[in-house]
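A quick write-up on the structure given underneath.
Worth saying up front: this structure is predicted, and the values here are computed from it rather than measured. Naming convention: chains lettered A, B, ... in sequence-line order (proteins, then strands); numbering from 1 in each chain.
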Number of protein chains: 2
Amino acid sequence: MTVRPAKTYRAKTMLTAMTSGAALLALAPAAHAEEGMWTFDAFPVEQMKKEYGWAPDQAWLDRSRGAAIRLTNGCSASFVSPDGLILTNHHCIVSCLQDLSTQDSDLVAGGFNAGMRSNEKTCPGQQAELVTAITDYTADIKGAIGDKQGAELVTARDARISEIEASQCPDTEKTRCQVVKFFGGGQYKLYKYRKYSDVRIAWAPEFNAAFFGGDPDNFNFPRYALDAAFLRAYDGDKPASTPQHLKWNVRAPQEGEVAFVVGNPGSTQRGMTSEQRAYQREVALPRRLLQLAEYRGRLIEAMRGSEERTREGGSRLFGVENAFKALNGRMQALNNAEFAAQLDAAEAALKERSSGQIEGDPWADIAKAVDAYRNFDEAYTQIDSSGLSQLYGYARTLVRAAIEREKPNTERLAEYADARLPLVEKRLLDAAPTYPWLEELSLRFWLSKTRELLTTDNPDVQALLGKESPEDMAARLVKGAQLADPAVRKQLWEGGLEAIRASNDPLIKLALSQDARTRELNKRYEQEYEAPVTAAQAKLTDARFAAYGDSIYPDATFTLRISYGSVKGWEENGRQVPIATQMGGTYDRATGSDPYKIAEAFKANADGLDKAATYNFVSTNDIIGGNSGSPVLDRQGKVIGTAFDGNIHSLGGNYGYDGNLNRTVSVSTEAIQQGLETLYPAPELVKELGGE
Amino acid sequence: MTVRPAKTYRAKTMLTAMTSGAALLALAPAAHAEEGMWTFDAFPVEQMKKEYGWAPDQAWLDRSRGAAIRLTNGCSASFVSPDGLILTNHHCIVSCLQDLSTQDSDLVAGGFNAGMRSNEKTCPGQQAELVTAITDYTADIKGAIGDKQGAELVTARDARISEIEASQCPDTEKTRCQVVKFFGGGQYKLYKYRKYSDVRIAWAPEFNAAFFGGDPDNFNFPRYALDAAFLRAYDGDKPASTPQHLKWNVRAPQEGEVAFVVGNPGSTQRGMTSEQRAYQREVALPRRLLQLAEYRGRLIEAMRGSEERTREGGSRLFGVENAFKALNGRMQALNNAEFAAQLDAAEAALKERSSGQIEGDPWADIAKAVDAYRNFDEAYTQIDSSGLSQLYGYARTLVRAAIEREKPNTERLAEYADARLPLVEKRLLDAAPTYPWLEELSLRFWLSKTRELLTTDNPDVQALLGKESPEDMAARLVKGAQLADPAVRKQLWEGGLEAIRASNDPLIKLALSQDARTRELNKRYEQEYEAPVTAAQAKLTDARFAAYGDSIYPDATFTLRISYGSVKGWEENGRQVPIATQMGGTYDRATGSDPYKIAEAFKANADGLDKAATYNFVSTNDIIGGNSGSPVLDRQGKVIGTAFDGNIHSLGGNYGYDGNLNRTVSVSTEAIQQGLETLYPAPELVKELGGE
């Protein structure tokens, strides 16, 4: 399993093998006015005009699209100056702060304020991406698939995708091409990005300011969090030139005003059929949550009483707690009878409307695939995993890439195609610290859970552990590991399969010994689940378009979307929740103890701070993990905040949107400006932003 | 929450508040031949004769009943000699071994072998109980209830029960009376017990022999565990005279032979309605499991690398892991569509058969009660809890008892009625070690989960924590705690409310400050859930008897039951699982690492041990947690083993029994005899048992 540093949970390993591979279809038509994570080429202008009496024109849309950034660690962001300045959330870059920290300089706790551009520091592994073109390739790829089935379907499709991606982005230094599957296989589009591989940290508040309220307040409201930070994109060691950027508007949001969120929602599963949801509710979510809960407990206790470990394990703990809460919210949503009935009703409506118009029975095909998957999902999830170990993750990548790179581009596993290799390589080779205690804890946990779940007598377990205990094996693996050194990784990357086979690194050896079985399980997954589901969902997509026309939007795919809504509170237990909090509220909520310890800068500036400044605010926008860091735009297209959270009701948003309750939570530009002017003064940035 | 030391999970706090208070009805009629946890006064002689061509007569039943023991820590056992010798499981007395261990003498790791009676050591808090009479009080108690409803129903019923228990067992030194609710309120019976408050440990194997395979093998088969131990009941400092005891039969079980398990299954929920099961599946089980998982993770990590903590936390960890696996099995059973459909079908059948014959709609009444409970269950579960802290458990008992004892017997909370006080007092005042690190860990966990689940802004959370963090508060509570000293507890117990109010013990103060709110939640539970469910289930019981006659058995209530079945394997993934393992298999399974480290005695006696001796075996008996330690009897009523586990399929047994898959796992007398003769020689015991 892997925990993303930011509020997103897209990776297969974060939820279960089913999430990433699963083809997804959006429910339709939108049941609530503000529902929808719209692609920019299909913004529902007429619908919004009907509801709001106004909608943005093409120029407005183009402007905001041209400044919207995707961060490859799973977040969103935006250009807010002509010199590559990027606004995002603090929690999106906290792992960068941690990577750049040392025992003497804790940038997580103390924050970071470059002061001048020459002091800005590169974030390891980080890449920023700007969409430059979107092209439809549905017919092309469906043509390549033809009437193939099973694993052959997947192979043919992926081969064609690799070809397209490689041919359309020959300049891998500055561009990236990615073919994205929409509607679970109903549409394929090529996204072309201008990429920025050198992204530096410019400004970040103290942890106690950014993450005030910690896990207890996460996904709750009222909130008092300065969850914002600034990065800068560089181009050839100079700040990138970004004439298309958003205007900075320092003002309080007004109740009822229209608000847009532009960003990259990671993944939704609104088009899952009832059988897929049943699998999530009954198997995938509980199993995943139980592992996260125990891992969290181990981590908390391992960090206790050690300042060093508390720093080193901090962002991992955040990731785990955040994922736990988000997935628990999903499970609770699926277990809510009323919510489940709504989803079932939408499915029934589509069945009825498309009755007699669909060839075969895609619902039954999906049910059959889910049943098949239930027979090997546990083994697949446990064996095809790097167990939250960064070093074993490196090892698996090195081994897999070495084997795949010997093959022609179109015959490789999708993630090792030429167009994808640059980011794989960057993530692998960028220097980032690893912590032996955390590595060992993670491997120990993964090995012991694998034995527990699959049982001692299982052949996979016996092949994995031999006669070793999970504890001894984890200790041995970490003790002998050499992959923490980027030079070693580089040598193995460049040395290819020969170097890999000659390596005596115990994690490389483990990854090599597990490779065949992992591929076998992966192939089985493609054959028995992914391929039939892709085929079935392509049919369902056609049925949806036939039934509902253009009023439908695709499930989230970590690609650029726009959501419209308004600044609005909601009713909780008969009480109206106000739209916003004020910065002064921090002082009342502080207790002196974590996570309600007041930040030093708040303490020092109790007089100078504008306590009435709007801090965090809510709006009805339909967002999800991956949207973190998205700019919130007003009617003029100017930034009035950055989205960093959803309220507790938003957690069911993975499956459906409820406009009465779901809310996006953002940090206002008023608060960020207070941060830049008073709390952590950055006059250069204030000037650069040139707020209104 | 509380974790029982043994394989039982009856207490309210172990599962959720609903488990204990919930009235339960057994499904009927038994869907599978061997299904049924029969009371001794309603053994289905005719049914068994039909299936087996033979059934025990009354003398047989009386003989085995007269030797069957209940251990008050949640296990079963039996007298196996005329001098009070008791056979039970090792895991039922491991906490006794731990309590008696010191840094210099680890009785858990090394085992215990008294050698002579004068060396036998008293187990703190342990009490053995033998049923001497069962009397029906249904009419009496239903009369006292009359047409009362809500909390009044509960109060009237409990008052009458307190009267009966006090009046029927005036000799509280040697007898205990307990009115037991069957069929969730359809029947009430008075159980009179001869009690033995001085129970000593005589013989126990090494941990690595008793718990070989540990958590990974728990609830799995094949097993290789010497999970057996001997206690002795004392009467006035002399071995108790127990002329009624079971005969010891040292032989291998034969495939297909009839087998009886006589013991005290803790709790089943086979009569839950679909709405109650939905609550378990959707809310209670996931919530409970997620807490257990994180607590387990914290505990594992806190014990790592410290031999002392590993010893001190050992039985707690076993309890947590055992509960986790058992409850996870339950959740998976409820999430199994086929299993759920069977349960629903049984409910539908009863509805149909009793149509027009039931006054009102008890199913709807229960559904309404479940809905009501969903509104406050989370607060109730978190606030009415001692958070796995033994010291806070003492504090809550002291505070509650002091308040209650000022009232007349019939006006008290049920658990503090006169007849119940002796065991409360014994458990409170017996010296047993507590471990500050474990106390602090447990309190920290409970406080932080309470804040997480109820949220920071919740009034209960604010009353509990004030401005303290869970971590600081837990540290303060444990630092100032005086209740680890039995003398302090005795003084507070005897000093009554005045002493309690004068105490400056922080845990006593906390318990006092929480008392009113806890009572309020408890009252609400009685009013909105327990009372309407009790009334509804009384109606359902009548309907069941009307529909199915005497072929039904009540849900388990930790009272004496008998199950019949046969020694039989099962089919797993198309492969036939053999009925038994042999002792020599231990050597093949051993890896050298925990929990597959071979016990010293196995190593030392590799030559002398009879490797072909039957070790563990399976039978079709219908048992559940609480049955641990039960004797397994053959047709002659002689002991051929002691039940210690169920296979993985038995975990759904809480809701229903599947004779094709559910299996009881027992240690054979052959293996125990090898233990007594070869591994841990105890010639006196061998002689006393006088095996055949």
Side-chain angles (χ1 to χ4, degrees), chain A residues 213-218 220 222 278 281-283 285-287 289-304 321 324-325 328 331-332 334-337 441 444-445 448 451-452 455-457 461 465-473 589-597 648, chain B residues 213-218 220 222 278 281-283 285-287 289-304 321 324-325 328 331-332 334-337 441 444-445 448 451-452 455-457 461 465-473 589-597 648:
Chain A
D215 177 68
D217 279 4
N218 192 14
N220 282 316
R281 186 183 70 241
E282 296 166 3
V283 182
L285 287 168
R287 187 190 289 157
L289 280 163
L290 291 173
Q291 287 212 24
L292 281 172
E294 185 180 337
Y295 184 86
R296 176 193 194 181
R298 292 189 182 212
L299 192 53
I300 286 172
E301 206 55 34
M303 285 161 68
R304 263 180 60 74
E321 291 188 333
F324 178 84
K325 215 162 184 176
N328 199 16
M331 185 171 72
Q332 288 175 12
L334 289 183
N335 275 323
N336 181 304
L441 183 153
R444 194 162 65 224
F445 180 72
S448 71
R451 182 177 68 183
E452 177 181 328
T455 78
T456 299
D457 298 296
V461 173
L465 284 173
K467 291 245 167 188
E468 261 179 313
S469 72
E471 294 76 18
D472 292 347
M473 183 164 164
R589 197 170 183 79
T591 65
S593 306
D594 276 333
Y596 297 100
K597 208 176 256 175
I648 199 80
Chain B
D215 177 69
D217 279 4
N218 193 13
N220 282 318
R281 187 184 67 239
E282 296 165 2
V283 181
L285 287 167
R287 188 190 288 157
L289 279 164
L290 291 173
Q291 286 212 23
L292 281 172
E294 187 182 336
Y295 184 86
R296 176 192 193 181
R298 291 190 183 211
L299 193 53
I300 286 172
E301 206 55 33
M303 286 161 66
R304 262 181 60 76
E321 291 188 333
F324 178 84
K325 213 161 184 177
N328 198 16
M331 183 170 74
Q332 288 175 12
L334 288 183
N335 274 325
N336 180 306
L441 182 152
R444 194 161 66 222
F445 180 71
S448 72
R451 181 177 70 184
E452 177 181 328
T455 78
T456 299
D457 298 297
V461 173
L465 284 174
K467 290 245 170 187
E468 260 180 310
S469 73
E471 294 76 17
D472 292 347
M473 183 165 163
R589 197 169 184 80
T591 65
S593 305
D594 276 332
Y596 296 100
K597 208 177 256 174
I648 200 81

Got a donor-acceptor contact below 3.5 angstrom from the A:K467 side chain to the B:A590 backbone? yes
Give the intermediate values and the outcome of side-chain contact (heavy atoms from CB on, under 4.5 Å) for residues B:E468 and A:T591. CA-CA 7 Å; B:E468 260 180 310; A:T591 65; over 6 Å; no
Looking at B:R444, B:K597, B:M331, B:E452, which has the largest count of heavy-atom pairs under 4.5 Å with chain A?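 Top count of heavy-atom pairs under 4.5 Å with chain A: B:R444.
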Report the option among B:I648, B:N335, B:N336, B:L289 that has the most heavy-atom pairs separated by less than 4.5 Å from atoms of chain A.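 Of the options given, most contacts go to B:N335.
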Considering only NZ, NE, NH1 and NH2 on the basic side and carboxylate oxygens on the acidic side, decide whether A:D217 and B:R451 come within less than 4.0 Å. no
Under 4.0 Å between a Lys/Arg side-chain N and an Asp/Glu carboxylate O for B:R296 and A:E301?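 Looking at A:E301 together with B:R296, the answer is no, because their closest N to O distance does not fall below 4.0 Å.
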Examine whether an atom of A:L441 lies under 4.5 Å from a heavy atom of chain B, and if so say whether it belongs to the side chain, the backbone or both; otherwise answer neither. side chain
Examine whether an atom of [X] lies under 4.5 Å from a heavy atom of chain A, and if so say whether it belongs to the side chain, the backbone or both; otherwise answer neither.
X	answer
B:N328	side chain
B:R304	side chain
B:N220	side chain
B:L290	both
B:A337	neither

When rounded to the nearest 0.5 angstrom, what is the spacing between CZ in B:F324 and CD in A:E294?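 Reported value, rounded in 0.5 Å steps: 7.0 Å.
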Distance alone, cut at 3.5 Å: any donor-acceptor contact between the side chains of A:T456 and B:Y596?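 Judged by distance alone, the side chains do pair up.
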Which of the residues A:G592, A:P222, A:A293 is involved in the greatest number of heavy-atom pairs with chain B at under 4.5 angstrom? A:A293
Considering all heavy atoms, the nearest B:S469-A:D594 contact: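 Smallest interatomic distance, heavy atoms only, reads CB-O, 3.9 Å.
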Going through the distances and angles, do B:R589 and A:D457 end up as a side-chain contact (heavy atoms from CB on, under 4.5 Å)? CA-CA 10 Å; B:R589 197 169 184 80; A:D457 298 296; 2.8 Å; yes
